[in-house]
Amino acid sequence: MSIPATASSPSPSSSMEIIFGRNKKEQLEPVSATVTGKIPAWLQGTLLRNGPGMHTVGDSKYNHWFDGLALLHSFSIRDGEVFYRSKYLQSDTYNANIEANKIVVSEFGTMAYPDPCKNIFSKAFSYLSHTIPDFTDNCLINVMKCGDDFYATTETNYIRKINPQTLETLEKVDYRKYVAVNLATSHPHYDEAGNVLNMGTSIVDKGRTKYVIFKIPATAAGTKKKGKSPLKHAEVFCSIPSRSLLSPSYYHSFGVTENYVVFLEQPFKLDILKMATAYVRGVSWASCMSFHREDKTYIHVIDQRTKKLVPTKFYTDPMVVFHHVNAYEEDGCVLFDVIAYEDSSLYQLFYLANLNQNFEENSRMTSVPTLKRFAVPLHVDKNAEVGSNLIKLASTKATALKEKDGHVYCQPEVLYEGLELPRINYAHNGKPYRYVFAAEVQWSPIPTKILKYDVLTKSTLKWGEECCWPAEPVFVPTPDAKDEDNASQRPSRDHVVLDSIISSHCQLGMVCMPEISTFGKETGDIQGSKVILSYTENLNYGDPVSKHNSKKVGR
């Protein structure tokens, strides 16, 4: 999807305010999209999207764009038609805010305070209760499939079950009932059987802070009956002690191969002591996160067969990674690709004050997201010379240098600068792969193009259109695809793109009415349209979770 500007486009600053500041309206009943072009007959199913949709409640406003109340979207595609609907997630957070007509539940970038009319005892209790915060259930980042169920997710210990057809909000689930985690990622991995692998942070539990990798089976143990949640059978797969008891690393995703898990303990950290006093000091929890540029980024590799860490200590330079692209094994090494930043300035940019004022100037101060490939040797030769490169692969320029203490310093190969929201053909997740599908960004976090990057030839194919801001592509494989990038025996015009501004974490805005149009060689006049569902002959995008039939997926 994209937002084409009208003939008389507003200034950049006013555009930002329109896109990032306004609350979005729900579309409770399905509305038929205007279809231009032809949707392939095989494309049947529902695309689920999630993201912030409401940034003001009454006279109160959220400080950070990632704080907005979650708005769910669905695009039902059948028989060449598309029906759109949207509905706010009826979380406890949403209901409390709407009832009070103000923001009364704190988010990471916005701290909420008690009514000043309440007595001093109520205030004191509120301060105490925020010392160890009960985080929000405003699940606005992703949609996760777990067994037969779908859950809206965020990065706290709460997820909310939803009805994928009606977008109705169902029960609230606390991960802590099954696994001791206070925070969890919204980007889990799925194996071929549908089991879910995810990880979270357990803060000062029994005197330890650790990163917990846990597994949720596709079906509840001992039963094949529908309606039985597999969450109660979640089990800890592995735990990794945090290098600091009170300053665990922030992370948004992780990587997997067929036999290993890759976790980056990066120097973008959460200060637990500062967080415990944030409410009293009148600051947000996000202000308790800081980038330590003097520290290293530690690369943890976990063997899925033994459920233990590979003993060698790997590290690289300080960086911030939100999205892993893919990881795989090759000739005794683990290779993994990530989108890396030099610092945490991107998070700072998404404060609404920065988005709506001097946006162009502020965005040029952020580091450029860069696709980097790392290579980690699984077995280190004790007789190898200090300073020698332990990577002998012809497929990458990444290096791993042995040091005196036996540690290994990993230097990446830079593949491409200026892309985010990466996707791959998920059939190749954890395996050797060739193509990355992403949104291209340059000096600004606002995507300008959609690109297909070939990691083998280092070449790209791009699509862009004047006054349009495309965002995260969604990969939809053709039913009889023969190659990774969807080459098949069917006409190439059947390759489909669902590129949406309703993305998981870098959403540009929400929509009320979808419109469908083609692009590429057959692009028509789309001035004034709000949403574009399109297909092309020379770029093939796809979705990491879904099959081509009636699977529902989210990001």
Side-chain angles (χ1 to χ4, degrees), residues 211 238 240-244 247-251 254-269 291-306 308-344 367-417 430 432-433 436 455-458:
Y211 311 107
C238 176
I240 305 167
S242 170
R243 297 184 65 86
S244 171
S247 297
S249 169
Y250 171 81
Y251 53 98
F254 60 103
V256 298
T257 73
E258 291 183 299
N259 295 301
Y260 298 91
V261 175
V262 179
F263 166 61
L264 300 180
E265 189 173 13
Q266 53 196 6
F268 187 24
K269 299 180 181 180
F291 180 68
H292 299 257
R293 61 181 66 253
E294 72 281 0
D295 288 352
K296 302 172 182 177
T297 299
Y298 292 91
I299 303 169
H300 299 294
V301 180
I302 303 95
D303 192 323
Q304 295 192 51
R305 297 158 297 187
T306 64
K308 295 182 179 179
L309 280 167
V310 172
T312 305
K313 304 298 182 183
F314 305 103
Y315 76 93
T316 187
D317 296 322
M319 64 180 182
V320 173
V321 169
F322 295 105
H323 296 115
H324 282 248
V325 181
N326 196 19
Y328 61 93
E329 301 160 38
E330 181 180 338
D331 294 338
C333 298
V334 167
L335 283 75
F336 63 93
D337 299 342
V338 297
I339 308 298
Y341 294 81
E342 293 180 354
D343 53 36
S344 61
S367 62
V368 176
T370 303
L371 176 60
K372 294 184 178 181
R373 169 163 293 181
F374 289 85
V376 173
L378 293 169
H379 306 285
V380 176
D381 184 358
K382 294 181 179 180
N383 297 319
E385 293 184 9
V386 172
S388 63
N389 179 20
L390 303 175
I391 304 300
K392 308 300 181 183
L393 304 176
S395 61
T396 181
K397 296 178 181 178
T399 62
L401 307 179
K402 183 180 178 181
E403 299 189 335
K404 290 182 180 179
D405 54 7
H407 294 187
V408 176
Y409 171 48
C410 299
Q411 294 176 302
E413 176 184 4
V414 175
L415 299 178
Y416 192 88
E417 292 187 345
Y433 79 117
V436 181
V455 299
L456 179 62
T457 65
K458 309 298 189 293

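Just so you know, these numbers use all the heavy atoms, side chains as well, and skip hydrogens, waters and symmetry mates.
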Count the heavy atoms of every other residue, nucleotide or ligand shown that sit under 6.0 Å from NZ of Lys382, and state whether that count exceeds 12. no

Any chance you could measure Asn389, atom CG, to Ile391, atom CD1, to the nearest 0.5 Å? 6.0 Å

Rounded distance [0.5 Å steps], CG in Leu393 versus CG in Asp331: 6.0 Å

Looking only at atom types and distance, does a side-chain atom of Glu342 sit under 3.5 Å from a main-chain N or O of Val368, one as donor and one as acceptor? no

Phe374-Phe314 aromatic ring centre distance below 6.0 Å: no

In the structure I gave you, are the side-chain heavy atoms of Val455 and Val325 within less than 4.5 Å of one another anywhere? no

OG1/Thr399 to NZ/Lys392 distance, rounded to the nearest 0.5 angstrom? 10.5 Å

Can you find a heavy atom in the side chain of Ile339 that is under 4.5 Å from one in the side chain of Leu371? yes

Mind checking the OH-CG spacing from Tyr260 to Asp303? Nearest 0.5 Å is all I need. 4.5 Å

Closest approach of Ser367 to Asp343 (non-hydrogen atoms, all atoms of both residues): OG-OD1, 3.5 Å

Give me the atom names and distance for the closest heavy-atom approach of Cys238 to Ile302. SG-CG2, 3.7 Å

Residue pair Glu329 / Thr257: nearest heavy atoms and the distance that separates them: OE2-OG1, 2.7 Å

Note: Arg373-Asp337 ion pair, threshold 4.0 Å (strictly below): yes

What's the shortest heavy-atom distance between Thr316 and Cys410, and which atoms? OG1-O, 2.7 Å

Is there side-chain contact between Leu335 and Ser395, with heavy atoms separated by less than 4.5 Å? yes

For Glu385, is the CD atom crowded, meaning more than 12 foreign heavy atoms sit under 6.0 Å from it? no

With the side chain counted from C-beta on, respond yes when Val321 and Lys372 share a heavy-atom pair under 4.5 Å apart, and no when they do not. no

Mind listing the closest non-hydrogen atom pair of Tyr409 and Glu403 along with its distance? CB-OE2, 3.5 Å

Find the distance between OH (Tyr315) and CD (Glu265) and round it off to the nearest 0.5 Å. 15.0 Å

Taking all non-hydrogen atoms of both residues into account, name the closest pair between Ser247 and Ser244 and its distance. N-OG, 3.1 Å

Is it the case that Glu413 and Thr396 place a side-chain donor and acceptor less than 3.5 Å from each other? yes

Could you tell me whether a side-chain N or O of Lys402 sits under 3.5 Å from a main-chain N or O of Asp381, the two making a donor and an acceptor? yes

Do Thr297 side-chain atoms and Met319 backbone N/O form a donor-acceptor pair below 3.5 Å? yes

Can Val261 and Val301 be said to form a side-chain contact (heavy atoms from CB on, under 4.5 Å), step by step? CA-CA 6 Å; Val261 175; Val301 180; over 6 Å; no

From Tyr211, Phe336, Phe254, Tyr298, residue fulfilling ring-ring contact (aromatic ring centres under 6.0 Å, His included) relative to Phe263: Tyr211

Under the side-chain contact (heavy atoms from CB on, under 4.5 Å) test against Phe268, which residue among Ser249, Pro318, Ser344 passes? Ser344

Mark yes or no for whether Thr312, through its side chain, and Val310, through its backbone, hold a donor-acceptor pair below 3.5 Å. no

Euclidean distance, Lys458 NZ relative to Leu456 CG, rounded to 0.5 Å: 6.5 Å

Taking the basic N atoms (NZ, or NE/NH1/NH2) and the acidic carboxylate oxygens, is any pair closer than 4.0 Å for Asp295 and Arg243? no

